[in-house]
> 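Take this structure, written in C-alpha cells, and hold onto it; I'll ask about it next.
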Amino acid sequence: MATTTNGTATSYIDRVREPRWLNSEDAEVGSYAVKSGLAQMLKGGVIMDVVTADQAKIAEDAGAVAVMALERVPADIRSDGGVARMSDPNMIEDILKATTIPVMAKSRIGHFVEAQVLQALGVDFCDESEVLTPADHEFHSNKWEFKMPFVCGCTNLGEALRRIGEGASMIRTKGEAGTGDVVEAVTHARAVLGEIRRLQELPEMELMTAAKNMGAPYDLVLYVHQNGRLPVVNFAAGGIATPADAALMMQIGVDGVFVGSGIFKSGNPAQRADAIVQATTHFDNPDIIANVSRDLGEAMVGISSSELPESEQLAKRGW
Amino acid sequence: MPLNIGVLALQGDFQEHRAVLEKLGANVTEVRLPHQLEGLDGLVIPGGESTSIAKLAVRYDFPDALRRFIDEGGAVWGTCAGMIVMASKLLEPEPEPFALMDITVSRNSFGRQVDSFETDIPVDGVPGGPVHAVFIRAPSVQGQGEGVECIAKLEDGTPVAVRSGKLMATAFHPELTPDTRIHELFLRLSAGESSPV
C-alpha cells in the first residue's frame with residue numbers, strides 16, 4: 001500500500017495504519033489516499049441534501065459537487081421527532097442512478113452495519129451523522145475497515161482529530177442542522193481553526209499535554225502543530241441557508257459547504273442552489289455575491305438555535 | 001524569470017496544484033474570472049467535479065476565453081475533471097466539454113468511488129521510473145485525434161495521459177503525491193521548450 005498524498009495523508013497514517021479492507025483483494029483499491037483524495041476533489045464546492053431523484057438532478061444541474069441522499073432533511077427530522085435511521089436502500093439507489101456526481105448517505109453514529117449496507121449499495125461517501133439518532137453512546141464506527149470514505153461532524157479540534165484517528169477522510173462542522181441558523185457552524189469552525197492556530201504556536205514539549213487535554217491522538221496533534229491544518233478536508237455544515245452564509249464560512253476558512261434543509265425548504269430551490277454554488281466559488285467577491293442574492297424568494301423559515309432546548313441540540317451528539 | 005502559471009480555481013483541488021507549482025518556483029495565480037488569464041504562460045485545470053467546474057466556467061464565458069488563451073500560445077494541463085472539460089467529446093451526455101483538445105473521454109470510467117485506486121505507471125518524457133498515479137472516480141481517454149500523443153497507459157492499455165503541443169491531460173492526480181515530475185513537465189511545456197517530452 002502506498003499513501004503518498006501531498007499534505008493530507010499523514011505521517012501518522014503512513015506509519016501506524018495498514019488498511020484492512022472488508023472485501024478488497026487489491027490493497028490499492030480504496031486506499032486512504034483515494035478516500036481522502038475524493039474529499040479533496042470536493043473542495044470549493046457545495047454538497048446538497050436531497051430526498052428524491054428529481055432533487056438530485058436539480059442539485060447536479062446547479063453545480064453541486066455531491067448530493068447527500070436521505071429520506072428526510074434535518075428540518076423535517078426535527079419536526080417529526082422519533083428515531084431517525086439510515087434511509088431506505090431503494091431511495092438511495094434511485095439517487096445513485098439519477099446522478100453522475102458523488103452520492104453521500106448517512107449512517108447513525110456507531111452503527112457500522114448501516115455503514116456496511118451503504119458501502120454495499122455503492123455509496124461514494126458515508127456521513128456518520130449526529131443528525132440521525134445515535135446507535136452507540138460511547139463509540140463511533142471504525143472507519144478504517146471500509147473502502148468507502150467517511151465524513152464526520154465536529155464542534156472542536158479534539159473531536160475532529162478523534163474522528164480522523166478513527167479513519168474519517170473528511171471533517172465538517174456540526175453546526176445546528178435543520179435550523180437555518182448559521183451561528184453554530186460559525187462557532188464550530190472558529191473553534192477548530194482557532195485551536196489549530198494555538199497548537200501551531202505551542203512549543204513541542206507542551207504538545208503531549210495538549211493532546212491529553214483535548215482527548216486527541218498525539219501524532220495528529222503533532223501533524224497539526226507542524227502543518228497548521230487538519231490532515232483532511234474541512235467543510236462547514238449545519239444551518240447554512242443563503243449565498244452569504246456560504247461565503248461567510250469560506251472566508252472564515254473552511255474548504256467547502258454542506259447545505260441541508262436550506263435549499264429544498266426554500267421558495268425557489270433551483271435558483272437558490274445555483275446562487276449558493278456561485279457564492280462558494282466567488283466567496284471573496286462581494287459584487288458577485290450581491291448579484292446572486294437578488295430575488296431568491298423566501299429562505300427556509302428557520303429556528304434560532306439559541307431557542308432550542310438542550311435535548312433538541314443535535315450538535316451535542318457524538319463523543 | 002519565474003513562469004506565470006494560473007490554476008483554475010472555480011472548484012476542486014486547486015490549492016494542491018498551487019502548492020506544488022510554487023514549490024517549483026512558479027508565480028501562481030488563482031483564476032476565477034477570464035480576465036485573470038492575461039499574462040499567464042500556462043493554466044492548470046484541477047481535479048474536482050467536472051459538472052460543477054463546467055457549469056461555473058460557462059457562466060463566466062471561460063470556454064471561449066480558454067480557446068483564445070491557447071490560440072495565443074498558452075499551455076493548458078487538465079487533471080481528472082480538467083481532462084474531462086478539455087475534451088472535444090464525452091461519451092456521457094453531460095457536461096458539455098470545452099473542446100480544447102482533440103480527445104474523446106469517458107467519465108467515471110473505472111466505476112464509483114469504492115473502485116478508485118492507486119498504481120504505478122511509466123509516463124513518456126518523465127525520467128526516473130514510473131509515476132505513482134492516484135485515480136479517483138477517474139476518466140479515461142477513449143479516442144484521440146491526429147497530433148495527440150498518448151504518454152501514459154494502464155497495464156491493460158487504457159490511455160490515461162495525453163499531450164498535444166502545449167496541451168496536456170492526465171486522468172490521474174499528480175498534485176496528490178509528493179512526486180513533482182509531471183508538474184515539472186508542464187512547466188517545460190509552459191516555457192515553450194520545443195521537445196519537453
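Source: prediction; values computed, not measured. A, B, ... follow the sequence lines: proteins, then strands. Residue 1 opens every chain.
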> Taking NZ in K57(A) as the centre, count heavy atoms belonging to other residues, nucleotides or ligands within less than 6.0 Å. Is the count above 12?
yes
> Looking only at atom types and distance, does a side-chain atom of Q11(B) sit under 3.5 Å from a main-chain N or O of M41(A), one as donor and one as acceptor?
yes
> Given the options V103(A), I101(A), L42(A), which has more heavy-atom pairs under 4.5 Å with chain B than any of the others?
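Counting heavy-atom pairs under 4.5 Å, the top option is I101(A).
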> Give the interface residues of residues 89-98 of chain A toward chain B, defined by a heavy-atom separation under 4.5 Å.
L96(A)
> To check you understand the geometry: which heavy-atom pair defines the closest contact between V134(B) and V34(A), and what is its length?
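Closest pair (atom of V134(B), atom of V34(A), distance): CG1-CG1, 3.8 Å.
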> Please report the shortest heavy-atom distance between R32(B) and T281(A), naming the atom on each side.
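R32(B) and T281(A) have their closest heavy atoms at NE-O, 3.1 Å.
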> Set out, in order, the CA-CA distance, both residues' side-chain angles and the distance that settles side chain to side chain contact (heavy atoms under 4.5 Å, CB included) for Q40(A) and L176(B), then state yes or no.
CA-CA 9 Å; Q40(A) 287 172 279; L176(B) 295 187; 3.4 Å; yes
> Distance from K147(A) atom NZ to S116(B) atom OG, nearest 0.5 Å?
10.0 Å
> What part of D61(A) gets closer than 4.5 Å to chain B, counting heavy atoms only: side chain, backbone, both or neither?
both
> Provide the full list of ring pair (Phe, Tyr, Trp, His ring centres under 6.0 Å) pairs with a residue in residues 26-67 of chain B, sequence neighbours left out, each pair given once.
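For residues 26-67 of chain B, and leaving out neighbouring residues, the ring pair (Phe, Tyr, Trp, His ring centres under 6.0 Å) pairs sorted by first residue read H282(A)-Y60(B).
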> So do D124(A) and R137(B) actually touch side chain to side chain, heavy atoms under 4.5 Å?
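Heavy-atom side-chain distance check passes, below 4.5 Å.
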> Please say whether more than 12 non-hydrogen atoms of neighbouring residues, nucleotides or ligands are located less than 6.0 Å from CZ in F264(A).
yes
> Could you look at A66(A) and say if it's the side chain, the backbone, both or neither that has a heavy atom under 4.5 Å from chain B?
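Neither part.
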> Would you mind reporting whether L121(A) and R112(B) have side-chain heavy atoms less than 4.5 Å apart?
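Side chain of R112(B) against side chain of L121(A), heavy atoms only: no contact under 4.5 Å found.
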> Can you run down the ring pair (Phe, Tyr, Trp, His ring centres under 6.0 Å) pairs that involve residues 156-175 of chain B, sequence neighbours left out, and say none if there aren't any?
F135(B)-F172(B)
> If I compare all heavy atoms of V65(A) with all of S52(B), which pair ends up nearest, and what's the gap?
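Shortest heavy-atom separation between V65(A) and S52(B) comes out as CG1-OG, 3.7 Å.
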> Using a 4.5 angstrom heavy-atom cutoff, name the option from G12(B), A9(B), A81(B) with the most pairs to chain A.
G12(B)
> Identify the two heavy atoms, one from E118(B) and one from A33(A), that lie closest to each other, and give their separation to 0.1 Å.
OE2-CB, 3.6 Å
> Report, as yes or no, whether the 6.0 Å neighbourhood of atom CD on Q200(A) holds more than 12 heavy atoms from other residues, nucleotides or ligands.
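Yes, CD of Q200(A) has more than 12 neighbouring heavy atoms, counting only those of other groups under 6.0 Å.
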> So which of T51(B), D179(B), L56(B) has the largest heavy-atom pair count under 4.5 angstrom toward chain A?
L56(B)
> Would you check if L33(B) and I288(A) make a side-chain contact, meaning some heavy-atom pair closer than 4.5 Å?
yes
> Give the interface residues of residues 83-111 of chain B toward chain A, defined by a heavy-atom separation under 4.5 Å.
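Answer by number: E94(B), R107(B), N108(B).
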> State whether the number of non-hydrogen atoms from other residues, nucleotides or ligands found under 6.0 Å of D295(A) atom CG is greater than 12.
no
> Count the heavy atoms belonging to other residues, nucleotides or ligands that lie under 6.0 Å from CD of Q251(A), then report whether that count exceeds 12.
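Yes, enclosed.
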